[in-house]
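Structure first, commentary second.
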2 protein chains.
Amino acid sequence: MVEQQRSATLDAVFHALSDSTRRAMLGKLAEGECSVSALAAPFSMSLAGASKHVKVLEAAGLVRRRVAGRIHYCRLDAARLAEAEAWLRHYERFWNTRLDALESLLRAEDEKKKEG
Amino acid sequence: MVEQQRSATLDAVFHALSDSTRRAMLGKLAEGECSVSALAAPFSMSLAGASKHVKVLEAAGLVRRRVAGRIHYCRLDAARLAEAEAWLRHYERFWNTRLDALESLLRAEDEKKKEG
DNA sequence: CTGTTGTTCAACCATATGGTTGATAATAGC
DNA sequence: GCTATTATCAACCATATGGTTGAACAACAG
């Protein structure tokens, strides 16, 4: 059940990251806290549309919101990004392992040739 | 234009990763090359359905296919995973920076208290 | 040749997604 | 109080997604 939860989290995080508008928003948030309209500004899109993107990021746990008066300030919460990265890192390890295995295989072949 | 291409690639890769069925398939592929039906086996889903997932992974460049007779062998191509990880790693750096900044801020506050 | 296996394709369905507009609510400034 | 600003909500639209079934096709086994 914990696994399912983690899986659902990864679903949401990766889905949130699969849109370039949202990735750009995260890029801006990496510079610091930001209002929703400031986040929306760079895009030729209605504010309501941008607001939906912010909600997707929020639902994925990538963004947190602080309401001050009529302004909603958003900031990055990188913990979930770290989870996603950890998932990917597992495959990086596999990838390196395979490269290492290939390399030592080639080296062994090389030695054989020299000997023969 | 190169940026747009990279962006489209990330779109596809993150979208491919946003489904737990596809992540599980990648998990199996990490163990080694695998036929489509072997990939489909663990899921209570039609073969045609599973085949669609494989195509999504392939379109994202995460999986490569080798056809031998009637069997389609798939294998992981981790290069695109590495790209996605590189994107995430940028934010990890930001995250660490922020933590470091916070830590030194707290340390400074602490020093002040001691002095005062 | 026949039958079975591995796989894709096409058509279809329900639901999700990314976007719009117009209305609504809350707050700040005059 | 009136108006402009910040943001959400609700309804709607077109398209994408994840799944199904049934048919097709290629290849191996008898």
Side-chain angles (χ1 to χ4, degrees), chain A residues 4 7-29 32-76 84, chain B residues 4 7-29 32-76 84:
Chain A
Q4 288 177 352
S7 179
T9 298
L10 282 176
D11 281 14
V13 169
F14 282 128
H15 169 246
L17 295 178
S18 74
D19 182 281
S20 68
T21 300
R22 290 193 289 264
R23 286 198 306 277
M25 284 179 166
L26 291 177
K28 182 146 193 179
L29 286 171
E33 208 173 52
C34 210
S35 73
V36 171
S37 49
L39 277 177
F43 308 103
S44 52
M45 181 189 301
S46 68
L47 185 60
S51 171
K52 277 191 181 182
H53 281 298
V54 173
K55 273 211 289 189
V56 170
L57 291 169
E58 207 182 0
L62 295 172
V63 158
R64 294 227 251 161
R65 187 190 303 247
R66 172 175 71 87
V67 179
R70 61 187 165 176
I71 298 182
H72 295 216
Y73 291 101
C74 301
R75 63 182 182 76
L76 233 193
Chain B
Q4 288 177 351
S7 179
T9 299
L10 283 177
D11 281 14
V13 169
F14 283 128
H15 170 247
L17 294 178
S18 73
D19 182 281
S20 68
T21 300
R22 289 191 290 262
R23 287 198 305 278
M25 285 179 166
L26 292 177
K28 182 144 194 180
L29 286 172
E33 209 176 50
C34 211
S35 73
V36 171
S37 49
L39 277 176
F43 308 104
S44 52
M45 180 189 302
S46 67
L47 187 60
S51 171
K52 277 192 182 182
H53 281 298
V54 174
K55 273 210 289 188
V56 171
L57 292 169
E58 206 182 2
L62 296 172
V63 159
R64 294 225 251 160
R65 186 190 303 246
R66 170 175 71 87
V67 180
R70 59 187 166 176
I71 300 183
H72 295 214
Y73 291 101
C74 302
R75 63 184 183 75
L76 234 193

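Proteins come first, then strands; the chains are lettered A, B, ... in the order of their sequence lines, and each starts at number 1. This structure is a prediction, so every number in the text was calculated from the model and none was measured.
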Which donor-acceptor pairs under 3.5 Å do the side chains of residues 46-58 of chain A make with protein atoms, sequence neighbours left out?
from, atom 1, to, atom 2, distance (Å)
A/S46, OG, A/G49, N, 3.0
A/H53, ND1, A/R22, NH1, 3.1
A/E58, OE1, A/R65, NE, 3.2
A/E58, OE1, A/R65, NH2, 2.7
A/E58, OE2, A/R65, NE, 3.1

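Looking at every heavy atom in both residues, B/A60 comes nearest to B/A16 through CB-CB, 3.8 Å. Summarising the geometry of A/A24 relative to A/F43, their closest heavy-atom pair is CB-CZ, 3.6 Å, with the distance given to 0.1 Å. Counting all heavy atoms, side chain and backbone alike, A/C74 lies closest to A/V36 at SG-CG2, 4.1 Å. Taking each heavy atom of A/L29 and A/C34 in turn, the nearest pair found is CD2-CB, 3.6 Å. Residue B/D11 comes nearest to A/S20 through the heavy atom pair OD1-N, 3.5 Å, listed as atom of the first residue, atom of the second, then distance.
Applying the side chain to side chain contact (heavy atoms under 4.5 Å, CB included) criterion to B/A8, with sequence neighbours excluded, gives no partner residue. Partners of A/T9 according to the side chain to side chain donor-acceptor pair (under 3.5 Å) rule, which considers only residues two or more places apart in sequence or in another chain, do not exist here. Contacts of A/S35 classified as side chain to side chain donor-acceptor pair (under 3.5 Å), with partners at least two apart in sequence or in another chain: A/S37. A/R64 is linked by a salt bridge (charged side-chain N to carboxylate O under 4.0 Å, His left out) to A/D77, counting only residues two or more places apart in sequence or in another chain.
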All N/O contacts under 3.5 Å from nucleotides 15-18 of chain D to the protein, with atom names and distances to one decimal?
from, atom 1, to, atom 2, distance (Å)
D/dG18, OP1, B/R22, NH2, 3.0
D/dG18, OP2, B/R22, NH1, 3.2

Quiz item: When every nucleotide of nucleotides 21-30 of chain D is labelled 5' to 3' by its protein contacts under 4.0 Å (heavy atoms), B for base, S for sugar-phosphate only, - for none, what sequence of letters results?
Solution: B-----BS--
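Across the protein-nucleic acid pair, A/Y73 atom OH and C/dA26 atom P stand 19 Å apart, rounded to whole Å. We find that NE2 of A/H72 is positioned 12 Å from C1' of D/dT5, with the value rounded to whole Å. For A/I71 and C/dA28, the CD1 to P distance is 8 Å, given to the nearest whole Å. In this structure, the CZ atom of B/R66 is 16 Å from the P atom of C/dG6, given to the nearest Å. Between B/K55 atom NZ and C/dA10 atom C1' there is a gap of 10 Å when expressed in whole angstrom units.
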Quiz item: Reading DNA chain C 5' to 3', how would its secondary structure be written in dot-bracket notation, given Watson-Crick and G-U pairs with both distances under 3.5 Å, brackets [ ] for crossing pairs and | for partners on other strands?
Solution: ||||||||||||||||||||||||||||||
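Within 4.0 Å (heavy atoms only), B/T21 reaches no atom of the nucleic acid at all.
Judged by distance alone, with hydrogens and angles left aside, the side-chain atoms of A/R23 form a donor-acceptor pair with the main-chain N or O of B/S7 at under 3.5 Å.
A sub-4.0 Å separation between OP1 or OP2 of D/dA7 and a side-chain N or O of A/S51 is absent.
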